[in-house]
Amino acid sequence: LVKRKFYNPQRDSTDPNKPDLTKAWAYYEHVTLARRFVTDQTAENTFERAEPGETADTELFSWWKTPESALNEWGVGVGAYFSSVRIMSLILLVAGLISLPNVLYYRSEAYNGPGGQSNLGFLLQGTTICTNREWVECQEGCERSSYRIGSSQDRWAEGLDGTTYVQRTLCVGAEMAQGMWNYGALLFMTMSVILLSWYQRKREIRFDEDKSTSTDYSIKICNPPPDAYDPDKWRDFFEQFSEKQVTVVTVAVNNEDLLFALVMRRIFRNKLRQLLPQGTDLDNAAEVSREVDAHIVLRESRERGCFEKLFACLVVPILRLPPFHMFHDAETLLSKIDHWTKKAKELQKNHYDVTNVFVTFETEEGQRSALAALRVGALDLARQNTSAMAPTALFQGRVLKVVVPAEPNAIRWQQMTISTARKYLQRLVTFVITLGLIGLSGFVINRARTLNSLFFSICVSTFNFIIPFVIKLLLLLERHSNEGSRQKSMYMKITLFRWSNSAILTKLITPFMNTLGDDRLDLIKSINGVLIAEMVVSPLLRLCDMMGLFRKHVMAPRAPTQELMNLNFTGTIYNLAERFTDFTKVIFLILFYSALNPNAWFIGFATLIIQYYTDKFCLMRLWTSSAYIGNELAVFNRRYFLSGALLAFAIVSSYAYAEFPYDNLCDANDGSGGEGFGRSAVPVQFWNGTVGEIDVPGTHSPAIFCQQNYIKLPGFDFPALPSAQNKSSGEWMSDSQALLVTIFGWTSLAA
C-alpha cells in the first residue's frame, strides 16, 4: 500500500525531508510496543522489559508464549488482571461441569416433553426454555392485557361463549433435583473466590517484591505546615528514622492553575514546533512569525483531496475543542501560546501553600522505620493530639499524616489539592449522569428488542464498548490526586453501567410471562444473544482497533513531518479499570442467569479464554504504555464486585426458582384434575384477532390467575420464601420446589 498514491499521497514528493512510513513503523515496533532483552531471563522465567528505543538486542514480547509471571513488567495490577481472568475461566468451567446434570435434564423429554428441546438452537438446548404447554380453561383473572407482549400472545384465547383459555407450562424445572446442582455451583464459586483472593494477595506481594520501584522507598506527608517550603528541614527531620540518608524531598504546593497554564503552553508550543521546519527557534519571535507566514503560504497552495476536505469540514471542528486540541492552524497556535504565556506570568505572582511532601529514602528500611515511628490513630491525628506521639516524631509541633504514595507516573500533579466536600460533590454529579446513561441505554435496547434479537444483542455490546469513552469524558469533571483513584472511580461507573446494561435492564424490560419462552423477545433467548455477543463482538471490536487503524493508515501517511507521523504510531490508550469491568461484567451476567441458563457457565468459560488472549495480544501489539498501577483495582474488584456478584447469584437464583414456572397460573380446584373439562376443536379467537381451533385435553385442572412475580406481590418479600404464596390467589409450588426455595432464600439472607 505504501506504493499506492491513494494510500500514501507523499509517495512522489521530491522533498528530501518528507516523512517516511517505514521509519514510523520502526518507531511503532521499537518505541511504542513493549520489547524484552533477548538474552536476559530470570530464574523464574520472567522477562526483563527494555526501555523504549533501547539499542541493545531486543525483541517484541510474544503475545502467545510470554508467561503470566512476566506481566508484572506492566504493573502489579496488570498481572493481577490476567491472572484473575485465567483462573476464573477455569472456575467457570468446573462450575459448568457441576451444573451439567441440569443441562442434560433441561434438554431432555423429561423436562420439555416429546422431542425435548431438539427444535431449539444448539446453544439454547439445556436452558429452561419450555415449549411443553397445554391449553386449559381459566376461570378467573386471566385478562387479555396480561398477554400482550412477545410469545405470551400465543398463549391466550377466548371461546365463542366467552370462556378464556390459556396455555399452562408443564415443564418442571425448579425441584430439589435441579436446584441443588446449582446450589453446589454456588458453594463452589464462593469457596473459589475466597481461595482466589488469598492466592492473588500472595501473588501481588511476590510481584511487588520482584519489581522494586520508588514507592518502596518513599512516603507522602498529607498534612504538612502550609509554610514548610524548605526541603532541607524535611530531610533533616526524616534522617533520624534511617541509618542512611534521605535521597530526595519533593515539596508540592497548591499551584495547580499555574501548572495547568504551563502545561497548555507547552502543548501548544509542541504542536507549533511540529508544523514548522526543524530547528526553528520558538523563543525568537521574529523567526517564528516568518516561518508561520511561510507555512500559511505552503498550506494554502497545497492541493487537498475530497476526503481531506470532507474531514476538515465535519471532524476537524470537533477535534479542535477541549480536551482534544487537535488540528489547530499555526496562527491559532501562536495566539494560544501568547495567551497561556501571559496567564502563567500572572499566576507566578500568587502565593502558594505547601499541600504535600514526598520523601524518598535510600533504603526500604528507612521508609518502614518512618512509617512505624509516625503511625498514629485517626482520632489523635484529627485532634492533633501531640501527647500521643514522641516529641521527636513531631514536625514543628505537628502530628503528621504519613502514607505510602502512588507511583510517580501515577500521580496527577495538577489535581493534588481539592476539598473533601468538593471531591464528593463532583463524584455525585458524575454518578447521577451515569444513572441517566443507564436509563437512556434501557430505552434504546428496549426499542431494539422489538426489531430484532440480533440487533438487540449488538446494541448491548456496542453500548458496553462505547461507554468507557463516555465515562472518560465524565471524569473530566472529577479531580483525583493519583491515577489509581481515577481508575477506581472509572471502574465503579463502568461496572455499574455494564452490569445494568447486560443483565439487569434485560430482566426488567422483559414481561414476566416471557421468561421461559422461545420467542426472540423472550428473556433467555435475549440473554443468550448477549452472551454470544460478549464472546464474539467485544473481542473483535478491540482487535479491530478502529481509531488505531485510522491513525496509522489514514492520518499518518498524510502527516507533513516525521514527528507528526510518528505520533500517529503511539498506540491505543487502554485503561485497566475498563478491562476489569469487562471481566466482572461476564461474571455477573453468568451468575445472574445461571439458574435459568446453566449453559452460561460454558459460554462464560469460552468468553474469558478469548478475553485473556485477546487482551494479551492487544497489550503487546496494539496498546501503548500506561501509568504503573498497583493492586488497588484488583483489591477493589475482589472486595466489592466479586462479592457483590456472588450475592446477586444467591438472591437472583432464589427468586428464579420461587417464580417458576412463570405462567401466573394456579389450580382452580385444588389440583383434583381436569376431568370433565376436556374438549376438542374448540373454536376460539386468539389474542391477535385471528380465529382458529384449540384442543383442551383436560389432563390438568382448570386454572385461575395467581401472581407469581414476587415484585408485584403486596409488601417487600425478602428473602424469597414459599410463604409469599399466601399473598397470591393460589399456590403454585410443589413441596420439593418449596423446600428448594427455602434453602436458597435463607442462604441469600445469610450471604
Side-chain angles (χ1 to χ4, degrees), residues 33-34 36 45-47 49 60-97 189 192-193 195-197 199-200 203-204 206-207 461 464-465 468 487 491 494-495 498 502 530-545 571-572 574-591 599-626 629 631 633-634 637-638 641-642 645:
L33 299 182
R36 73 176 186 92
N45 200 32
T46 57
F47 302 95
R49 182 175 175 178
L60 292 173
F61 280 88
S62 169
W63 67 272
W64 180 258
K65 296 181 180 179
T66 298
E68 203 171 90
S69 56
L71 296 178
N72 65 333
E73 294 291 335
W74 281 264
V76 174
V78 173
Y81 164 72
F82 280 98
S83 174
S84 298
V85 173
R86 177 182 57 83
I87 295 173
M88 189 57 73
S89 68
L90 299 177
I91 292 173
L92 293 184
L93 177 61
V94 175
L97 295 175
M189 287 294 299
S192 296
V193 168
L195 292 175
L196 174 63
S197 299
Y199 171 75
Q200 289 285 30
R203 185 181 182 87
E204 287 158 10
R206 183 167 61 85
F207 270 16
S461 291
N464 286 337
F465 179 76
Q487 291 282 329
Y491 173 67
I494 297 177
T495 300
R498 284 178 166 172
S502 298
V530 173
L531 285 168
I532 300 304
E534 293 299 335
M535 181 172 65
V536 178
V537 177
S538 295
L540 282 178
L541 288 174
R542 291 201 297 279
L543 288 173
C544 288
D545 187 27
T572 301
Y574 77 96
N575 288 283
L576 190 58
E578 181 188 347
R579 304 311 323 128
F580 266 109
T581 59
D582 242 6
F583 165 60
T584 55
K585 171 195 63 184
V586 173
I587 301 300
F588 183 77
L589 188 60
I590 291 163
L591 298 184
N599 279 342
W601 296 112
F602 299 104
I603 298 175
F605 161 71
T607 301
L608 291 187
I609 288 294
I610 293 172
Q611 180 174 327
Y612 180 88
Y613 286 105
T614 298
D615 287 353
K616 199 174 177 184
F617 175 85
C618 292
L619 182 70
M620 299 178 183
R621 293 294 182 272
L622 299 177
W623 294 340
T624 187
S625 299
S626 65
I629 297 176
N631 65 343
L633 276 177
N637 173 65
R638 293 194 303 264
F641 287 92
L642 283 183

Working to the nearest 0.5 Å, report the span between OH of Tyr613 and CG of Leu619.
14.0 Å
Distance-only side-chain donor-acceptor flag, Arg542 / Thr614, under 3.5 Å
no
Closest non-hydrogen atom pair between Pro539 and Ile610, with its separation
CG-CG2, 3.7 Å
Examine distances only and state if a side-chain atom of Arg498 and a backbone atom of Lys585 form a donor-acceptor pair shorter than 3.5 Å.
no
Please give me the minimum heavy-atom distance between Ala80 and Gln200, naming the atom from each residue.
O-NE2, 3.2 Å
What's the separation between atom CH2 in Trp74 and atom CZ in Phe61, rounded to the nearest 0.5 Å?
4.0 Å
Donor-acceptor side-chain pairing of Asn637 and Thr584 below 3.5 angstrom:
no
Return yes if some donor-acceptor pair links the side-chain N/O of Lys616 with the main-chain N/O of Thr66 below 3.5 Å, else return no.
yes
Is there a side-chain contact between Tyr574 and Val78 in this structure, where contact means two heavy atoms from C-beta onward sitting under 4.5 Å apart?
yes
How close do Ile587 and Ala645 get, counting heavy atoms only, and between which atoms?
CG2-CB, 4.5 Å
Just so I know, are the side chains of Ile87 and Ile91 near enough to count as touching, which here means a heavy-atom distance under 4.5 Å?
yes
Least distance between heavy atoms, Ile609 atom then Ser89 atom:
CD1-OG, 3.5 Å
Could you tell me whether the side chain of Leu60 reaches within less than 4.5 Å of the side chain of Met620, counting heavy atoms only?
no
Do the side chains of Glu68 and Arg203 get close enough for a salt bridge, i.e. N-O under 4.0 angstrom?
yes
So which heavy atom on Gly77 is nearest to which on Leu576, and how close?
C-CD2, 3.6 Å
Residue among Phe82, Trp623, Phe617 satisfying ring-ring contact (aromatic ring centres under 6.0 Å, His included) with Trp63:
Phe617
Please report the closest heavy-atom contact between Leu543 and Leu622, naming both atoms and the distance.
O-CD1, 3.9 Å
Can you measure from OH (Tyr612) to OG (Ser84) and round to the nearest 0.5 angstrom?
11.0 Å
Of Val536, Thr607, Ile603, which is the lone residue that meets side-chain contact (heavy atoms from CB on, under 4.5 Å) with Leu531?
Ile603
Distance only, no hydrogens: is a donor on one side chain within 3.5 Å (strictly under) of an acceptor on the other, for Asp582 and Gln611?
no
Determine whether the side chains of Asp615 and Tyr81 contain a donor N or O and an acceptor N or O closer than 3.5 Å.
yes
Euclidean distance, Arg579 CZ relative to Cys618 SG, rounded to 0.5 Å
8.0 Å
Rounded to the nearest 0.5 Å, how far apart are CH2 of Trp601 and CG of Leu591?
5.0 Å
Taking the side chain as everything from C-beta on, heavy atoms only, tell me whether Arg638 gets closer than 4.5 Å to Val193.
no
Candidate pair Thr495 and Phe588, rule side chain to side chain contact (heavy atoms under 4.5 Å, CB included), full reasoning:
CA-CA 10 Å; Thr495 300; Phe588 183 77; over 6 Å; no
Let me see the working for Tyr491 and Phe641 under ring-ring contact (aromatic ring centres under 6.0 Å, His included), right down to the final yes or no.
CA-CA 10 Å; Tyr491 173 67; Phe641 287 92; 4.7 Å; yes
Once you round to the nearest 0.5 Å, how far does CG of Leu608 lie from CD of Glu534?
11.0 Å
Do side-chain atoms of Glu578 reach the backbone of Pro468 as a donor and acceptor pair under 3.5 angstrom?
no
